Structures are given as C-alpha cells and as structure tokens.
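Okay, structure first, notes after.
None of the values given here were measured: they were computed from a predicted structure.
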Amino acid sequence: VRSMPPICSAAVSTARHALARHLAAWEIGEGENAGRVVLEGMELALAGTLFNIMPGAILAALAVFGYLADLITLTLFRTYERAKYLSRRVYVLAVSLPAAAVFLIGCLMLLVIGENVGARAQFAVAVAENLFLALFPAMILLGMLSYIRIFLRSGHRLLLLICFILLFALSLPAALTVLSIMGAGSVIWQAIRRKICFGRDAE
C-alpha cells in the first residue's frame, strides 16, 4: 500500500478497515454492541489477507469459468454434430511447464516462509499465495486425472483407494493440496519424458 499513489493507498486502507469492522461485527453479532466495534489486530490481519489474495482468487474463478465454458461449448458442438468445424487439436485443459514450475515454487515458498513472517517477507508471501490460488483449480483437475491413470495402471488399486479416501476424510485442504502437487508434477514429468523421447528420436 505504501508504494501506491496517496489516493489509492487511502482507498485501500479505508476498504480494509471497513472489511475489518464488518468481520468484527459479525463475530460479536448484530446486538446492541454491534455499533461499538473495536478493531483488533486479528480482524485487521484477516482483512489484509483477504485483500492480498483477492487477485489470485479472481484469477482462479476466471480459470474455472473459462474451463466450464470450453467444456460446455465442446459438448454442444459434439451433441449437434458440429465437431467437424473444430480444429483436430482441441485442448480443454492445457497447463504449460512454466505454470507448473511456478506453482511448485509458490508451494515451496509458502512451506518455507510459513505463517510467522516479518514485514519484508509479507510481499513474497502475498505473491506466492496469489500464484498458488490462481493455478490451484487447474492443478487439482490435473492431479485427479493423474491419480486416475495411476489407479487404473496399478496392481494395488484397493490400497490406493483406501489411501485416497482416508486423505480426504482426514483433511480436505491437505487432500486437495496433494492432488494439486501431483498435477504440477505430472506436467513436469510429461515435459521431461517428451524431452527424453525427442532426444532419442533425434539420435
């Protein structure tokens, strides 16, 4: 906020305090004390976090909307036998190698830095959180597809299914994070495999 112009900085600060007041009022209810809310560090910190991750959340929502729009469009084309007008190389979901690498770097930054960060590391944490959120939906879907491929090819399907169910039962966020990391890892592994195969073909 300090690097912004004075008008933008004041607007963001006002919006953050307004959100903090709403959060504090929601915590104590709408009774007689709702009009005398005292902003504490927790409400301001939560409001600041929501403002920091807002760009990533918006990009994630747009990514999900774009994916669903492509999926619905392709389904309609195939339903009404208009698929011949489409290109033969149609990708509903395509994640690049740099995107997968950036996602894993963001995960690593969040794990290394943790929650207890100083003022200098707050910007790095906010960037890592936005990168993580923006790519999270696509990586979850890729991770699910990667898990299905492993499940179908494995001879220990029952064990994989039990581990999958237990992970989701114990912690949904942890399960989704594991799937997203699997998705990013599958993109990187496929890129490495293509590089190896093309290298052998060139020889």
Side-chain angles (χ1 to χ4, degrees), residues 49 52-79 83 86-115 124-203:
T49 301
N52 288 339
I53 65 175
M54 193 177 295
I58 293 174
L59 287 176
L62 291 176
V64 172
F65 175 79
Y67 171 76
L68 293 177
D70 283 345
L71 191 62
I72 293 172
T73 302
L74 291 176
T75 303
L76 291 175
F77 265 79
R78 294 187 178 112
T79 301
L86 296 174
S87 172
R88 292 183 179 180
R89 300 182 63 183
V90 176
Y91 297 97
V92 180
L93 178 65
V95 178
S96 64
L97 177 61
V102 166
F103 179 81
L104 290 180
I105 292 173
C107 291
L108 183 61
M109 287 179 61
L110 292 176
L111 288 174
V112 171
I113 297 176
E115 296 182 355
V125 171
V127 172
E129 287 177 343
N130 279 284
L131 292 174
F132 181 85
L133 286 175
L135 298 171
F136 195 52
M139 295 304 173
I140 290 177
L141 184 55
L142 285 177
M144 182 63 70
L145 295 175
S146 178
Y147 173 80
I148 292 174
R149 286 195 297 267
I150 295 173
F151 179 81
L152 294 177
R153 296 174 183 175
S154 175
H156 305 281
R157 296 182 181 179
L158 181 59
L159 180 61
L160 288 175
L161 182 60
I162 293 174
C163 293
F164 185 80
I165 294 174
L166 284 177
L167 184 59
F168 269 87
L170 293 175
S171 176
L172 180 61
L176 295 178
T177 302
V178 170
L179 283 178
S180 65
I181 293 175
M182 285 180 59
S186 67
V187 173
I188 295 175
W189 169 244
Q190 290 175 6
I192 294 173
R193 189 172 61 179
R194 285 195 299 267
K195 184 70 174 178
I196 295 174
C197 293
F198 289 154
R200 289 178 178 176
D201 293 339
E203 293 177 358

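Atom CG of Leu176 is separated from atom OG of Ser180 by 7.5 Å, given to the nearest 0.5 angstrom. A distance of 10.0 Å separates CG in Leu145 from CE in Met182, rounded to the nearest 0.5 Å. Atom CG of Leu167 sits about 7.5 Å away from atom CG of Leu179, to the nearest 0.5 Å. The CG atom of Leu135 sits 9.0 Å away from the SG atom of Cys107 when rounded to the nearest 0.5 Å. The CG atom of Leu131 lies 10.5 Å from the CD atom of Glu129; values are rounded to the nearest 0.5 Å. Separating the SG atom in Cys163 from the CZ atom in Phe151 is a distance of 11.5 Å, to the nearest 0.5 Å.
Formation of a donor-acceptor pair under 3.5 Å by the Thr75 side chain with backbone atoms of Leu71 is found in this model.
Counting only heavy atoms from C-beta outward, the side chains of Val187 and Phe103 never approach each other to under 4.5 Å.
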Test side-chain contact (heavy atoms from CB on, under 4.5 Å) on Leu108 and Leu104 and set out the steps. CA-CA 6 Å; Leu108 183 61; Leu104 290 180; over 6 Å; no

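The two residues Val95 and Ala100 come nearest to each other via the heavy atoms CG1-N, 4.4 Å. For the residue pair Phe164 and Tyr147, the shortest heavy atom distance occurs at CB-OH, 3.3 Å. Pairing each heavy atom of Gly106 with each of Ala128, the nearest pair is O-CB, 3.8 Å. Residues Ala60 and Pro137 come closest through the heavy atom pair CB-CG, 3.9 Å.
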